[in-house]
Amino acid sequence: MYILEVLSGPLDGKTWSFEMEITIGRDDALAGACLTLDRYVSRRHAQLREDSGSLVLTDLASRNGTKLDGRVVTDDTPIAPGARFTVGRTLLRVKRA
């Protein structure tokens, strides 16, 4: 079980729990973690998922990109629990529950 937490941005402090995967985006019909107030977030922006016991972050061809440690994420990128990443203008952290 993981927790996705907003660290800064319009929804500061908001959290979502997930087991195997969660989609991050602006459209609540398409995203489990919905960031409706960040206009720089795409409808389906990024995805976090567990793959063989490790977490993977993937950008879903978003308009404004996803960044991990200041680098642009394109394909599946390993991410450690506790790591911070940015979608649109929102800073997020994923951690184990």
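For the numbers below, each heavy atom of this structure counts, side chains included, while hydrogens, waters and symmetry mates do not. Since the model is a prediction, treat every value here as computed from it, not as a measurement.
Identified under the ring pair (Phe, Tyr, Trp, His ring centres under 6.0 Å) test for residues 38-88, with sequence neighbours left out: none.
Counting heavy atoms from C-beta outward, Tyr2 and Lys95 have side chains that stay 4.5 Å or more apart. Considering only heavy atoms from C-beta on, Thr86 stays 4.5 Å or farther from Leu92 through its side chain. When side chains are defined from C-beta on, Leu7 does not count as touching Thr90, because their heavy atoms never get closer than 4.5 Å. Inter-residue side-chain proximity for Thr23 and Leu30 is flagged as unmet; no heavy-atom pair is nearer than 4.5 Å. Here the side chains of Thr66 and Val72 are not in contact, with every heavy-atom distance at 4.5 Å or above. Between Thr58 and Val73 there is no side-chain heavy-atom pair separated by less than 4.5 Å. Val6 places none of its side-chain heavy atoms less than 4.5 Å from the side chain of Thr15.
Rounding to the nearest 0.5 Å places CG of Asp27 at 12.0 Å from CG of Leu35. Atom-to-atom distance recorded for Lys67:NZ and Thr77:OG1 is 14.0 Å, nearest 0.5 angstrom. Note that OG of Ser17 and CD of Glu5 are 11.0 Å apart. Values are rounded to the nearest 0.5 Å. Note that CG of Leu55 is 11.5 Å distant from CD of Glu21, once rounded to the nearest 0.5 Å. Atom OG in Ser8 sits 11.5 Å away from atom CZ in Arg93 (nearest 0.5 Å). The distance from atom CZ of Arg84 to atom CD1 of Ile79, rounded to the nearest 0.5 Å, is 11.5 Å.
Note on Leu68: it clusters hydrophobically with Phe18, by side-chain heavy-atom contacts below 4.5 Å among ILVMFWY residues. Under the 4.5 Å side-chain heavy-atom criterion for ILVMFWY residues, a single connected hydrophobic cluster contains both Ile24 and Leu11. If you chain together hydrophobic residues whose side chains sit under 4.5 Å apart, Leu60 and Ile22 never meet in one group. Val94 and Leu91 fall into different hydrophobic clusters, where Ile, Leu, Val, Met, Phe, Trp and Tyr side chains are chained together by heavy-atom contacts under 4.5 Å.
Judged purely by atom type and a 3.5 angstrom limit, Asp76 has no side-chain atom pairing as donor or acceptor with the backbone of Val56. Judged purely by atom type and a 3.5 angstrom limit, Arg26 uses its side chain to pair as donor or acceptor with the backbone of Val41.
Between Gly53 and Arg96, the shortest heavy-atom distance links the atoms O-NH2, 4.1 Å.
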Given Asp59 and Ser62, is the side-chain hydrogen bond (donor to acceptor under 3.5 Å, both in side chains) satisfied, shown in steps? CA-CA 6 Å; Asp59 184 79; Ser62 67; 2.6 Å; yes
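Atom CZ of Arg49 sits in a crowded spot, with more than 12 heavy atoms from other residues, nucleotides or ligands closer than 6.0 Å. Around atom CZ of Arg44, no more than 12 heavy atoms belonging to other residues, nucleotides or ligands sit under 6.0 Å away.
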